[in-house]
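A short write-up of the structure that comes next.
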Protein chains: 2
Amino acid sequence: MTGQVRTVDGRVAGRRGQATRQKLLDCLSEMLSSSPYRDVKVIDVARKAGTSPATFYQYFPDVEGAVLEIAEQMAAEGATLTELLQGRSWAGKAGWQTAQELVDGFLEFWRKNDAILRVVDLGAAEGDKRFYKLRMKILNSVNNSLADAVAELQAKGRVDKDVNPAAVAGSLVAMLAAVASHQKGFSSWGVKQAELKPNLALLVHLGVTGRKPTK
Amino acid sequence: MTGQVRTVDGRVAGRRGQATRQKLLDCLSEMLSSSPYRDVKVIDVARKAGTSPATFYQYFPDVEGAVLEIAEQMAAEGATLTELLQGRSWAGKAGWQTAQELVDGFLEFWRKNDAILRVVDLGAAEGDKRFYKLRMKILNSVNNSLADAVAELQAKGRVDKDVNPAAVAGSLVAMLAAVASHQKGFSSWGVKQAELKPNLALLVHLGVTGRKPTK
DNA sequence: CGGTAAGCTGACGGCATGACAGGACAAGTG
DNA sequence: CACTTGTCCTGTCATGCCGTCAGCTTACCG
């Protein structure tokens with residue numbers, strides 16, 4: 001997948017180089033968690049990593065470029081989201097279980113990577129194709145699995161024919177992502193995390209199967 | 001509501017001052033539509049408005065402050081979203097109509113103000129209380145109406161008792177907002193706008209009533 | 001017409017950006 | 001061990017934006 005890691009000016013990075021590069025990425029990641037995206041400066045990241053701005057520019061064209069790199073790593077790691085739906089059933093009690101575990105896993109993944117996902121979301125919303133494709137890559141596994149589930153139920157005649165599986169799946173995934181991004185919002189809105197999850201699972205189950213879950 | 005408009009150093013703004021102030025806001029708004037938030041610079045906004053950076057700083061503490069102002073104006077205008085749900089029924093064919101019109105109105109509002117809403121969303125997700133409250137203010141009308149509708153149906157025994165109306169309403173609103181933000185994403189994902197709307201309406205109807213709509 | 005406050009800008013120190021050349025360092029070679 | 005090679009890092013510099021201030025112009029009012 002990833003060929004050789006290269007510097008901006010074309011040299012191949014050796015062991016030491018890759019270490020500093022990664023350190024810069026880690027520091028940037030940390031920085032994104034603690035300050036607004038707009039205020040993250042190259043010089044701060046470099047200082048935090050105990051190096052100089054010039055070094056940063058040796059490995060990345062700019063902050064955006066480095067963010068893309070971090071997001072790429074996260075996307076690879078996020079392939080585990082597929083497991084949340086692989087071979088699961090949407091029928092009866094098992095369906096309710098599936099919905100719950102999907103919500104659980106999704107929210108946790110999002111919370112763990114919230115800072116970087118915020119930026120990816122922004123970039124995608126602003127129309128940047130690179131961020132946009134990355135967002136797809138991350139959500140694709142879940143999205144496809146959900147769409148398949150809907151399509152399958154539709155083939156069995158248990159879901160209306162005028163339902164568009166891709167549209168429903170995409171909307172549900174967008175919902176999960178949005179709720180995860182604004183989890184704190186809900187809490188001060190009188191809804192606790194523990195209460196939020198089952199209600200989300202209910203909505204997912206309703207969306208996929210068109211029916212209330214049997215608990 | 002709005003007291004007197006004041007400059008940063010405390011002077012009250014007169015007719016001319018308010019005009020330039022508004023012009024700066026308009027130019028900033030335009031700028032946000034055409035370039036990434038991170039790259040919007042005070043000097044560009046000032047140039048576009050035919051004035052100097054110093055003038056900008058006379059009226060706003062920084063870019064963020066000006067964005068808040070624009071968002072505040074939009075929030076006031078967005079009160080019209082309430083009408084989408086005021087006195088509507090969720091029963092039978094009327095319910096389907098209600099869901100469709102809600103989706104329609106919501107998506108249009110979001111599309112019309114997408115640039116500024118992106119920034120508000122980011123600020124809220126980053127934990128900035130000012131943006132966060134603003135986002136609530138905008139979504140509150142729809143959110144409350146939806147929660148009321150769910151609670152009402154619940155009181156009639158047509159919705160399960162363990163459903164949390166606020167959680168469901170919040171999730172649905174978050175879904176609408178997220179889908180609206182990434183409308184372009186869906187289109188290149190094989191789902192056309194026209195197809196998207198009825199599927200969203202279906203999900204909203206399912207979420208509120210727990211049942212498929214009668215069309 | 002003179003006073004007062006609003007409105008605007010040129011100019012400036014400070015800082016971030018991004019490029020380059022050259023020094024420091026590790027590893028291999030004779 | 002000296003020497004070479006290629007990687008790695010940083011000092012430095014030109015450029016450009018930030019945010020502030022003093023001071024000039026304009027509008028209003030008695």
Side-chain angles (χ1 to χ4, degrees), chain A residues 2-32 34-70 119 123 128, chain B residues 2-28 30-32 34-69 119 123 128:
Chain A
T2 55
Q4 250 170 340
V5 179
R6 288 184 174 277
T7 59
V8 167
D9 56 340
R11 280 203 300 271
V12 288
R15 188 161 303 179
R16 189 152 68 110
Q18 293 203 24
T20 28
R21 199 184 119 103
Q22 190 58 49
K23 185 160 196 177
L24 283 167
L25 288 179
D26 292 344
C27 290
L28 171 56
S29 202
E30 218 174 304
M31 214 105 217
L32 285 173
S34 59
S35 21
Y37 178 46
R38 201 168 196 282
D39 298 342
V40 171
K41 307 289 180 193
V42 169
I43 198 170
D44 296 322
V45 177
R47 246 199 294 266
K48 199 179 186 82
T51 179
S52 79
T55 303
F56 182 95
Y57 287 108
Q58 196 161 36
Y59 294 107
F60 312 103
D62 49 24
V63 173
E64 210 181 53
V67 167
L68 275 167
E69 198 70 22
I70 298 176
V119 181
D128 186 311
Chain B
T2 56
Q4 253 170 339
V5 179
R6 288 184 174 277
T7 59
V8 168
D9 55 341
R11 283 204 296 274
V12 290
R15 187 160 304 177
R16 187 153 68 114
Q18 295 205 24
T20 29
R21 201 182 119 102
Q22 191 56 48
K23 185 161 197 176
L24 283 168
L25 288 178
D26 292 343
C27 290
L28 171 56
E30 220 174 305
M31 216 105 214
L32 285 172
S34 59
S35 21
Y37 180 46
R38 199 169 198 281
D39 298 341
V40 171
K41 308 289 180 193
V42 170
I43 198 173
D44 296 322
V45 177
R47 247 199 292 267
K48 200 180 184 81
T51 178
S52 80
T55 302
F56 182 96
Y57 287 105
Q58 196 161 38
Y59 294 108
F60 311 104
D62 50 23
V63 172
E64 211 181 52
V67 167
L68 275 167
E69 197 70 23
V119 180
D128 186 312

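Letters A, B, ... mirror the listed sequences (proteins, then strands); counts begin at 1. Every value quoted in this text rests on a predicted model; they were computed, and no experiment measured them.
- Residue contacts shown for B/R16 are limited to sugar-phosphate atoms, with no base heavy atom under 4.0 Å away.
- Remark: the backbone N or O of A/M31 is paired with a side-chain donor or acceptor of A/S35 at under 3.5 angstrom.
- One can place CD of A/Q58 at 11 Å from P of D/dT7, the figure rounded to the nearest angstrom.
- Proximity of A/R21 to A/E69: side-chain heavy atoms (C-beta onward) are separated by under 4.5 Å at one or more points.
- B/E64 pairs by the side chain to side chain donor-acceptor pair (under 3.5 Å) definition with B/R130, not counting sequence neighbours.
- Comparing D/dC9, D/dT10, C/dA6 by their closest approach to the side chain of A/T51 singles out D/dT10.
- Helical stems involving DNA chain D, defined as 3 or more consecutive Watson-Crick or G-U pairs under 3.5 Å, span C:1-30 with D:1-30.
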Without placing hydrogens or testing angles, list every side-chain donor-acceptor pair under 3.5 Å for residues 41-50 of chain A, not counting sequence neighbours.
none

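- In this structure, the CZ atom of B/R15 is 12 Å from the C1' atom of D/dC28, given to the nearest Å.
- The shortest side-chain heavy-atom distance between A/Y59 and A/L24 falls under the 4.5 Å cut-off.
- Across all strands, A/T20 comes closer than 4.0 Å only to sugar-phosphate atoms, never to a base (heavy-atom distances).
- By the salt bridge (Lys or Arg N to Asp or Glu O under 4.0 Å) test, A/R38 is found to be paired with no residue, residues two or more places apart in sequence or in another chain being considered.
- Residues forming a ring pair (Phe, Tyr, Trp, His ring centres under 6.0 Å) with B/F60 (at least two apart in sequence, or on another chain): B/F56.
- The side chain of B/Y59 approaches C/dC8 more closely than any other nucleotide in the set C/dA6, C/dC8, D/dC8.
- The SG atom of A/C27 sits 11.5 Å away from atom CG of A/L32, with the distance rounded to the nearest 0.5 Å.
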Contact state string [nucleotides 13-21 of chain D, B base, S sugar-phosphate only, - no protein heavy atom under 4.0 Å]: ----SSBBB
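- Rounded to whole Å, the distance from CZ on A/F56 to P on C/dC20 is 18 Å.
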